[in-house]
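In what follows, a structure is listed as structure tokens, so that the remarks can point back to it.
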Amino acid sequence: MIKINTVSGVEALRKRLLKERKKFSATLSLCGGTGCQASGSRALIDAVKDQLVKQGVEKSVHVRLTGCHGFCEQGPIVVIEPGNIFYCHVLPDDADEIVSKTVCDGEVIERLLYTDPVSGKRIQTEAEIPFYLAQDRQIMAQNRHVDPCAIEDYIAIGGYSAIGKILSGTAPKAVVEEIKASGLRGRGGGGFPTGRKWAECREAPGDEKYVICNADEGDPGAYMDCGVLEGNPHLVLEGMMIGAWAIGARQGYVYVRKEYPLALERVRVAVQQARELGFLGENILGSSFSFDIEIARGGGAFVCGESTALIASLEGKIGEPRPKDVHTVVDGLWHRPTTLNNVETWANVPSIILNGSAWFASKGSNGSKGTKILALTGRIKNTGLVEVAMGTPLRNIIFDIGGGASNGNLIKAVQTGGPSGGCLPADKFDLPLDFEALAEAGSMVGSGGMVVMDEETCMVDVAKYFLTFLQDESCGKCVPCRLGIDRMLEIITEITEGRGHAEQISLLEELGYTVGETSLCGLGKTAANPVLSTLRYFREEYEAHINQKQCPAGVCQALITYGIDSEKCTGCGVCKDACPHEAIMGKKKQAHTIDLHLCQKCGICSSDCKFDAIQVH
Amino acid sequence: MSPELLDSILEGRRSQPHQLIEVLHDVQEHYGYISEDAMKTISNDLGVPLIEIYGVASFYKAFSLKPRGKNVITMCTGTACHVRGAKPLLNQATSQLGVQPGETTQDGLFTIEKVNCLGACAFGPIVTENGDYHHDMSPGKLRKLIKSLHPTRTEETSHD
Amino acid sequence: MLQYVNMKIDGGDFRATKGSSVLDVAIEYGICIPHLCHVPNLSEIGACRLCIVEHVVNGRSKVTTSCTLLVKEGMVIRSNTEKIKKLRRNIAELLVAQAPNSRAIQDIAVRCGVKEVRYPFRNENCVLCGRCVRVCSELFGAKAIGFVGRGKDRRVEPPFGVLSDLCKHCGTCIDLCPMTFNPCEGYMKSGEEHLCGKCESQMLLADNLPESCVWCELGEGFQCSRY
Ligand SMILES: Cc1cc2nc3c(=O)[nH]c(=O)nc-3n(C[C@H](O)[C@H](O)[C@H](O)COP(=O)(O)O)c2cc1C
Ligand code: SF4
Ligand code: SF4
Ligand code: FES
Ligand code: FES
């Protein structure tokens, strides 16, 4: 690759690429996101490539290994152009047919199409699928068009023209103003106005400043940043370049969670390619602007997503937060002014520059502008990464996009904002996805995790789950967080084991309030939210555990017993083999029984039984 | 442990204390754990007090101070996997192998680890075995997986 | 040359040296703000959270630790509101439930108005205040001990858990440790831990004049930096 050293050089390259690509008769976008790779897309890719060679069309077909398409539930996913044909659950054995029929003859393979669960009809194109129809995909839609390891793909769809636009004559201050006017707020959880952050950092005294991309995504059950970084890393890099220009930084860092090996590898390749083409380094595109990016790996600590802890970690220290009486925009990395933004925040920047702040501000609600990517998971039909305009009611997200409950159960609650957020009950589903609205209801937008829960989810258990997580992840520095979470968990454990008593509810509330008010960093300050929100909306579940010693959802191990329904049991013996405690007895082909004295309530048998015969009482 | 490898990891990073975590990642990757000797060498070469290295290595989950088993079974305990039944899986692994998460079996063959979200929530519960993903796991599938990794191993079922 | 700023604490006007913390100023003027991890001349880590105050900015008050908050011209601080007292009491309760066998912690609990402990007692021998760690590294540069592990596994240890020749046996860490004195009645056996309540007279003294330092013996116990 030759270095580009003018802004017009980028345009020229784009034109050339587009012309070259006209020669392809078809384009296959194979999803190579973490989700689809987990469900076997790697073998599929090899099979497709083999088939193309075998059938002699490898020269005229463009195969692209992309990042997440969003509809992970249906993976592995293949989208074929022309025609926007959407194939799901594709197996390596299907490769032959896809190449010979669809690619060569334009014939659609019915059985690989998506079936709409409501109408039962097969849907041919991606654009018509209800899951996608109900979204507003500004960032996620780009993934399908980009091979994250090919900078040319990003350039071909208009990439690096925002930085070009800026370098050909937008003053840094004007960039800051544009971001301010757009109303963009941080996507990492806090929702802090990005433009204001940049302005403060720009005005902070000091020659050496830094920009950091927070890709530590620690929320256990959310993977939006993973989807963006591993699908379209150059978009994030371009956002960082624009930010660096605006605040006057020459060096940037991307702090990536080590648990995302794919994202890590792809962002490394992206930085390398950007350097080779002259988007990073000295005198970018022939201008006076010099900027480079280094990549650092996270060490598996949720608290390192917190800005001061992340900075400590980048400095090679223990990832412990420090008091933020002076903000990181003034006193950040190596005590220099530092702008830290989330992956998705950075990813929003190039399009604001290209389309203007008014375009961005036209989407969303009053105080929350633009679109937000959410990781929709849990007990719901369509799991995946979805992107909607801010202000969209939760109901639309859960039912129109998510398709409702996965197994006909009643949806009871949605957990938003991960361990810092809360659980909202079904009668709050009309709330808009809006920073203030969710905060008022006791939860938060957070980074965008959205876990749907149904009748079989115990809310006390959910609170316990998050407390266990937070106890594991608290850095342990300050008293309220270290000891307060520990004591809350102690109390909740007693409740879930049927040893709780009524006064403990108010103690939990008081303790939660104390931890929230007095902890040092955001982890502790929000740690009580899962407990407080479930107490607020699902108090009767707590009371059932305490007063009746019952777990209404049938989850809490100490309060349930397992039994086998003799009608449903076929005597297959799977459970008997599965039980590690040898608590199940019975002859082949006869109904089995569980010895309640031996049963340790591990739940293994019920997960393994194919006939749904093992029941919880 | 070959000193040459550690040498090459430290190459170009000497006297740069902020490289500590990157160095530890590489050591963990190549040696499977971080030994006291390695920490002493790193302390010397990066110019970081030993106590700080020990503190950092023991703070981050990514580093283990003891050698890990030949096979590392990692259980995703993220929210999405939790709601989809990660708990019975964990019970399966711990009772089949007789060790708790973070521990290694006596014969050094297996280590169980927990991780928060691997970014494949749609296919949960997820278990990885030495880095390979297994989706939609059930206790039965996990039992077979563990067996297949070491068919001759006798199970040390714990009954507590 | 020293520069000064004017600020308000609990309604009173004070002139404070620029660069000092709100806690420094309060102690200097005899306003009692309980504290544990703060030690004069060592860095502030804001870990014990006992020294919380309300910092009023534009009419809105924010709870923050006074040891890490630097004084500023026109600053308004409230150190002893009902809200702060309640929060402090809850924190002290957590602490004393963890380490009932330390006289310093018992004294802090009394000072913060803990009358009853609602959690089962545990018997830890360290409250992770970090006084030892900081004095070792900041005053003596020995770096013989440090924080190890994370969250509930956090502890103070020398490298690899064995005392190395980095330690000069100066003993300062032990002098500063709040865990080194047993309660007046002596060591409490496991299962028999309680608030000793011996310091009731001191408590009355402190309770009646909550805002100002009365040189109570409690402060001596918890090594209030006035002593
Ligand atoms: C405990 C904790 C964990 C956090 N984890 C993340 C994270 O994983 N990713 C992220 O972008 N922000 C995270 N944040 C928020 C960051 O502190 C910070 O506000 C954010 O990265 C700023 O970027 P933004 O303004 O673009 O959102 C976390 C905050 C706390 C308190
Ligand atoms: S609130 Fe928790 S995570 Fe944050 S500094 Fe305190 S102990 Fe550490
Ligand atoms: S050993 Fe003593 S001084 Fe050191 S942290 Fe623990 S309680 Fe504080
Ligand atoms: S990983 Fe393939 S659609 Fe999400
Ligand atoms: S937090 Fe201020 S003295 Fe401990």
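Order of the sequence lines sets the chain letters (A, B, ...), proteins ahead of strands, with each chain counted from 1. The structure displayed is predicted, hence computed values, not measured ones.
Residue contact with chain C, scored on non-hydrogen atoms closer than 4.5 Å, involves the side chain of A:Ile318 exclusively. Residue A:Pro323 touches chain C through its side chain alone, counting heavy-atom pairs closer than 4.5 Å. A:Glu510 touches chain C through backbone and side chain together, each having a heavy atom under 4.5 Å away. When heavy atoms are compared at a cutoff of 4.5 Å, C:Lys83 approaches chain A solely by way of its side chain, counted from C-beta outward.
For NE2 of C:His194, the number of neighbouring non-hydrogen atoms (other residues, nucleotides, ligands) closer than 6.0 Å is greater than 12. Counting non-hydrogen atoms of neighbouring residues, nucleotides and ligands closer than 6.0 angstrom, the NZ atom of C:Lys72 reaches no more than 12 such neighbours. Open room surrounds CG on A:Asn366; 12 or fewer heavy atoms of other groups in view lie less than 6.0 Å from it. Enclosure of atom CZ in C:Arg15 is not indicated, since only 12 or fewer non-hydrogen atoms of other residues, nucleotides or ligands lie within 6.0 angstrom.
In terms of heavy atoms, A:Glu490 sits closest to C:Pro120 at OE1-CD, 3.4 Å.
Under the 4.5 Å side-chain criterion, counting only non-hydrogen atoms from C-beta, C:Arg122 is in contact with A:Asp486. When side chains are defined from C-beta on, C:Gln98 does not count as touching A:Arg482, because their heavy atoms never get closer than 4.5 Å.
Atoms CZ and SG, from C:Arg154 and A:Cys475 in turn, are 5.5 Å apart once rounded to the nearest 0.5 Å. A:Cys478 contributes atom SG, which lies 11.0 Å from atom CG of C:Leu128 (distance to the nearest 0.5 angstrom).
Proximity to chain A at a heavy-atom threshold of 4.5 Å picks out C:Leu87, C:Arg89, C:Asn90, C:Ile91, C:Leu94, C:Leu95, C:Ala97 from residues 87-97 of chain C, in numerical order.
Salt bridge annotation for A:Asp472-C:Arg150: absent, with no cationic side-chain nitrogen under 4.0 angstrom from a carboxylate oxygen. Classification of C:Lys86 and A:Glu517 as a salt-bridged pair fails, no side-chain N sitting under 4.0 Å from a carboxylate O.
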Verify side-chain contact (heavy atoms from CB on, under 4.5 Å) between C:Arg118 and A:Gln504, making sure each step is shown before the conclusion.
CA-CA 9 Å; C:Arg118 292 166 290 180; A:Gln504 282 177 328; over 6 Å; no
